[in-house]
Amino acid sequence: MFVIVDKSNDSIHQEPTRPSWKSGYYKSEGAAKAGITRTIKFYEKAVADVERVLAEGEKDYTSRMYNAYRDATDPALGRTHKADRDNYRVMSSEEYKLIEPMITKTGICPGTGKKITVTEGINTPHYMSTLSESYWSA
């Protein structure tokens with residue numbers, strides 16, 4: 001299995017065109033590289049769509065792909081690296097497990113009401129965190 005790693009924060013990249021319920025894992029290195037190509041083409045399409053809307057004399061936010069356009073171009077959001085092919089690299093999932101960044105959070109545990117500190121991977125979904133209510137409501 002292979003993953004696309006976002007070099008800006010070493011997290012697993014999720015393709016913007018893929019449904020959120022699908023994992024970020026690919027069966028081959030070629031499939032992961034194709035995922036990078038799809039991501040770059042998606043952001044290029046967003047920029048082209050906004051340019052088309054502006055050429056028609058309308059406001060840029062009337063474009064259907066305005067949010068993706070902002071992700072690719074607005075430096076205030078801090079995500080302009082998403083449209084850069086050099087920001088991504090393909091790694092095997094075993095290799096990624098060795099470098100996955102960890103985050104330490106402190107908060108009130110909804111299940112017990114006690115203050116706890118949790119260290120978890122940067123890619124842990126919110127509902128799997130012991131600091132989320134959905135973790136305890138099952």
Side-chain angles (χ1 to χ4, degrees):
M1 300 296 280
F2 291 88
V3 293
I4 300 172
V5 179
D6 188 338
K7 289 181 184 177
S8 66
N9 59 3
D10 286 334
S11 66
I12 295 176
H13 170 69
Q14 185 73 21
E15 284 183 56
T17 56
R18 254 181 120 138
S20 61
W21 50 267
K22 285 194 174 183
S23 72
Y25 291 88
Y26 299 87
K27 290 183 181 178
S28 67
E29 185 175 0
K33 287 180 180 181
I36 293 172
T37 301
R38 284 189 296 271
T39 298
I40 299 306
K41 286 186 177 186
F42 174 79
Y43 287 117
E44 287 173 352
K45 182 179 175 185
V47 170
D49 189 56
V50 170
E51 288 174 353
R52 178 191 56 81
V53 167
L54 289 173
E56 292 174 357
E58 297 181 29
K59 301 285 185 184
D60 57 355
Y61 56 80
T62 59
S63 168
R64 294 184 69 175
M65 300 189 78
Y66 177 68
N67 289 335
Y69 166 77
R70 286 196 59 204
D71 278 349
T73 60
D74 192 352
L77 296 177
R79 296 189 294 242
T80 56
H81 61 275
K82 291 194 176 284
D84 182 14
R85 182 178 298 276
D86 295 331
N87 181 54
Y88 303 108
R89 69 176 178 246
V90 176
M91 301 176 87
S92 69
S93 57
E94 293 82 22
E95 184 183 356
Y96 180 72
K97 287 177 185 175
L98 298 174
I99 66 154
E100 182 178 17
M102 303 298 275
I103 298 173
T104 302
K105 303 178 193 175
T106 301
I108 303 296
C109 176
T112 61
K114 297 180 181 176
K115 187 174 184 176
I116 62 171
T117 301
V118 178
T119 301
E120 52 195 27
I122 193 170
N123 298 305
T124 303
H126 175 69
Y127 63 87
M128 294 294 293
S129 173
T130 53
L131 291 175
S132 75
E133 189 172 338
S134 58
Y135 177 84
W136 294 94
S137 64

Worked verdict on T37 versus K33 for side chain to side chain contact (heavy atoms under 4.5 Å, CB included):
CA-CA 6 Å; T37 301; K33 287 180 180 181; 5.7 Å; no

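- Hydrophobic clustering of Ile, Leu, Val, Met, Phe, Trp and Tyr side chains at less than 4.5 Å, counting indirect connections, unites Y61 with L54.
- Exactly one residue among T39, V5, N87 makes a side chain to side chain contact (heavy atoms under 4.5 Å, CB included) with H13. That residue is T39.
- At least one side-chain heavy atom of I36 sits less than 4.5 Å from a side-chain heavy atom of R85.
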Set out, in order, the CA-CA distance, both residues' side-chain angles and the distance that settles side chain to side chain contact (heavy atoms under 4.5 Å, CB included) for S63 and Y69, then state yes or no.
CA-CA 9 Å; S63 168; Y69 166 77; over 6 Å; no

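- Nearest heavy atoms, K105 versus L131: CB-CD1, 3.7 Å.
- The backbone N or O of C109 sits nowhere less than 3.5 Å from a side-chain atom of K114 that would complete a donor-acceptor pair.
- In this structure, OH on Y26 lies 15.0 Å from OG on S92, to the nearest 0.5 angstrom.
- Minimum heavy-atom separation, T130 to P110: O-CD, 3.7 Å.
- Residues R70 and Y66 have side chains in contact (heavy-atom distance under 4.5 Å, counting atoms from C-beta outward).
- Between the CD1 atom of I40 and the CD atom of E15 there is a distance of 10.5 Å, given to the nearest 0.5 Å.
- Judged purely by atom type and a 3.5 angstrom limit, T124 has no side-chain atom pairing as donor or acceptor with the backbone of S129.
- The shortest non-hydrogen separation linking V53 to K59 is CG1-O, 3.2 Å.
- I122 and M91 fall within the same hydrophobic cluster, defined by Ile, Leu, Val, Met, Phe, Trp and Tyr side-chain heavy atoms under 4.5 Å apart, directly or through other members.
- Nearest heavy atoms, R89 versus D10: NH2-OD1, 3.1 Å.
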Show the numbers, then the answer: is there a side chain to side chain contact (heavy atoms under 4.5 Å, CB included) between T73 and Y43?
CA-CA 9 Å; T73 60; Y43 287 117; over 6 Å; no

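- You'll find the side chain of K45 stays beyond 4.5 Å of the side chain of D49, heavy atoms only.
- The hydrophobic cluster containing M102 does not contain V3, counting ILVMFWY residues as joined when their side-chain heavy atoms lie under 4.5 angstrom apart, directly or transitively.
- Other residues, nucleotides and ligands contribute at most 12 non-hydrogen atoms within 6.0 Å of the CZ atom of R64.
- Here the closest non-hydrogen pair linking F2 and A32 is CB-CB, 4.3 Å.
- Rounded to the nearest 0.5 angstrom, H81 NE2 and D71 CG are separated by 9.0 Å.
- In the hydrophobic cluster analysis, where Ile, Leu, Val, Met, Phe, Trp and Tyr join through side-chain heavy atoms closer than 4.5 angstrom, Y88 is grouped apart from Y96.
- Residues Q14 and S23 come closest through the heavy atom pair OE1-C, 4.0 Å.
- In the displayed structure, M128 atom CE is contacted under 6.0 Å by at most 12 heavy atoms of other residues, nucleotides or ligands.
- Within a 6.0 Å radius of NZ in K7, other residues, nucleotides and ligands contribute more than 12 heavy atoms.
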Verify side chain to side chain contact (heavy atoms under 4.5 Å, CB included) between D6 and K82, making sure each step is shown before the conclusion.
CA-CA 8 Å; D6 188 338; K82 291 194 176 284; 4.2 Å; yes

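- The hydrophobic cluster containing M1 also contains I12, counting ILVMFWY residues as joined when their side-chain heavy atoms lie under 4.5 angstrom apart, directly or transitively.
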